[in-house]
Number of protein chains: 2
Amino acid sequence: MPYDRPTLNALLRRHGIAPTHQRLEIAQVLFARCQHLSAEQILQQVNERHAETSKATVYNTLNLFRDRGLVREVIVDPKRVFYDPNTGPHHHLYNVDTGEITDIPADALRLSGLPELPAGMVTEGVDVIVRVRSAGTSALG
Amino acid sequence: MPYDRPTLNALLRRHGIAPTHQRLEIAQVLFARCQHLSAEQILQQVNERHAETSKATVYNTLNLFRDRGLVREVIVDPKRVFYDPNTGPHHHLYNVDTGEITDIPADALRLSGLPELPAGMVTEGVDVIVRVRSAGTSALG
DNA sequence: TGTCCATTGAGAATTATTCTAATTCACCCT
DNA sequence: AGGGTGAATTAGAATAATTCTCAATGGACA
């Protein structure tokens, strides 16, 4: 188990985040399995045993983690944001039917010919989302 | 002006959409300038002269246009969906500071090495979003 | 002119996220 | 140990995008 408490503790500190109990719980949920979870899902998992963390704290913490570069937001569904503990360069496969999100390793997919930006613009990141659906399903009504 | 009323009328019909007054107004706003507009912005522009179209109709119509392939949803901002009248293959540049969305022509950017999909999966589309910000601005608090 | 079905619309409902303001907590200093 | 301090947490209200409800409207066609 690579993400025990002392490791998570150090991880937060390294990112300038005071490792409180709630933040460690949330980090635990995020890093235990490298899934893509919504705030709601994280809230549920954190409170699975005893309800100990509030909705506000989950949102505060996720925004803090995002600002400090501990997690990345994945914006594929207009209904809700997902949080990705993998901050390395990679892309996403999004199943429109099931809502499932899978990683695509960065080296599996090459991008070439990014346009040069207007002066004074800096690239913050490049997201590639491959939207898939189960064959036979259709968006047409 | 490539998008006068008769042209829009034919465009809707060609997509199997009955060209009502409100739908034509909305199509007009979308296709007049090929911008990326939110539902709220479209509602405002449609009602600039006389208030004649309701919020419900704008949402219904945008969903209908999307289902029939007349417009494409652009999901870059968790707060709201943008609608893109350009349904041809292309990608997007998103300015995180200003919220501005710009097109990147498909041929300006090459993608290679898309992973093969699990059996029974079909690609619905590939979105590439280049997130930029003004130099000097920072996400770090 | 009357019927019929699709379309529209006002406003309520839903829901993810943020905000507010008050409480609690961790930690340092003595 | 005890008290002060500022950060963290929280319950619940507020916000805002989108959807839903269902009654009213309207155009096409007999």
Side-chain angles (χ1 to χ4, degrees), chain A residues 5 8-9 12-13 15-29 36-47 50-68 70-84 99 101 139 141, chain B residues 5 8-9 12-13 15-29 36-47 50-68 70-83 96 99 101 139 141:
Chain A
R5 280 308 166 101
L8 289 173
N9 210 296
L12 296 207
R13 273 191 215 288
H15 285 264
I17 299 168
T20 66
H21 177 62
Q22 286 89 338
R23 287 168 180 173
L24 285 166
E25 291 283 347
I26 292 167
Q28 172 120 285
V29 166
H36 305 80
L37 300 171
S38 68
E40 183 62 27
Q41 291 172 321
I42 290 166
L43 178 63
Q44 281 184 354
Q45 292 196 24
V46 162
N47 287 335
H50 352 289
E52 40 190 343
T53 301
S54 72
K55 183 165 54 171
T57 297
V58 169
Y59 278 100
N60 288 343
T61 301
L62 289 171
N63 286 338
L64 180 65
F65 284 7
R66 184 243 292 126
D67 290 346
R68 298 295 164 85
L70 233 174
V71 302
R72 195 213 266 196
E73 285 181 344
V74 181
I75 299 166
V76 290
D77 179 345
K79 302 258 96 167
R80 57 205 166 304
V81 173
F82 290 92
Y83 292 87
D84 186 350
I101 301 173
Chain B
R5 281 310 169 100
L8 289 173
N9 209 296
L12 296 207
R13 272 190 214 288
H15 286 263
I17 298 168
T20 66
H21 177 63
Q22 286 89 337
R23 287 170 180 172
L24 285 167
E25 290 282 346
I26 292 167
Q28 173 121 285
V29 166
H36 304 81
L37 299 171
S38 67
E40 183 62 28
Q41 292 172 320
I42 291 166
L43 178 63
Q44 281 184 355
Q45 292 196 24
V46 162
N47 288 335
H50 354 286
E52 43 189 343
T53 302
S54 72
K55 185 163 52 170
T57 297
V58 168
Y59 278 101
N60 287 343
T61 299
L62 289 171
N63 287 339
L64 180 65
F65 283 6
R66 183 245 292 128
D67 290 346
R68 299 293 164 87
L70 233 175
V71 302
R72 195 213 264 198
E73 284 181 346
V74 181
I75 299 166
V76 289
D77 178 345
K79 302 258 97 168
R80 56 204 166 306
V81 173
F82 290 91
Y83 292 87
V96 173
I101 300 173

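Note that these values count all heavy atoms, side chains included, but never hydrogens, waters or copies made by symmetry. In this text the structure is predicted, and so the values were computed from the model without any measurement. Sequence lines set the chain letters: A, B, ... in the order given, protein chains first and strands last, and positions in each chain run from 1.
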Exercise for review: Begin with the C-alpha distance, continue with both residues' side-chain angles, and end with the deciding distance and a verdict on side-chain contact (heavy atoms from CB on, under 4.5 Å) for B:Q45 and B:L37.
Suggested key: CA-CA 10 Å; B:Q45 292 196 24; B:L37 299 171; 3.9 Å; yes
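- Residues passing the side-chain hydrogen bond (donor to acceptor under 3.5 Å, both in side chains) test with A:T53: none are found, sequence neighbours excluded.
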Exercise for review: May I have the step-by-step check of side-chain contact (heavy atoms from CB on, under 4.5 Å) for A:R72 and A:Y83, ending in yes or no?
Suggested key: CA-CA 6 Å; A:R72 195 213 266 196; A:Y83 292 87; over 6 Å; no
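- Taking both residues in full, the closest heavy atoms of B:A27 and B:L12 are given as CB-CD2, 4.3 Å, listed atom of the first, atom of the second, then distance.
- Annotation: of the two residues near DNA chain C, B:K79 and B:T53, the 5′-most nearest-nucleotide partner is B:T53.
- Distance A:R13 CZ to C:dA26 P: 14 Å, rounded to the nearest Å.
- Residue whose closest nucleotide on DNA chain C sits further toward the 5' end, between B:T61 and A:R66: B:T61.
- Between B:T57 and C:dT8 there is no side-chain polar atom (N or O) within less than 4.0 angstrom of OP1 or OP2.
- With A:T61 as reference, A:R23 is the one residue of A:E25, A:R23, A:Q22 to meet the side-chain contact (heavy atoms from CB on, under 4.5 Å) rule.
- Distance, A:L64 CG to C:dT18 C1': 15 Å, rounded to whole Å.
- Of all nucleotides listed (C:dG9, C:dT7, C:dC19), C:dT7 comes nearest to the side chain of B:T20.
- The side-chain contact (heavy atoms from CB on, under 4.5 Å) test with B:H15 singles out one residue from B:D67, B:L70, B:L64, and that residue is B:L70.
- Read 5' to 3', the first and last nucleotides of DNA chain D with an atom closer than 4.0 Å to a heavy atom of chain B are D:dA17 to D:dC20.
- Among the atoms of the strands shown, none is found under 4.0 Å from any heavy atom of A:S38.
- Within 4.0 Å (heavy atoms only), A:E40 reaches no atom of the nucleic acid at all.
- The interatomic distance linking A:K55 (NZ) with C:dT20 (P) rounds to 16 Å, in whole Å.
- Among the heavy atoms of the strands lying under 4.0 Å from A:N60 is at least one base atom, whether or not backbone atoms are also near.
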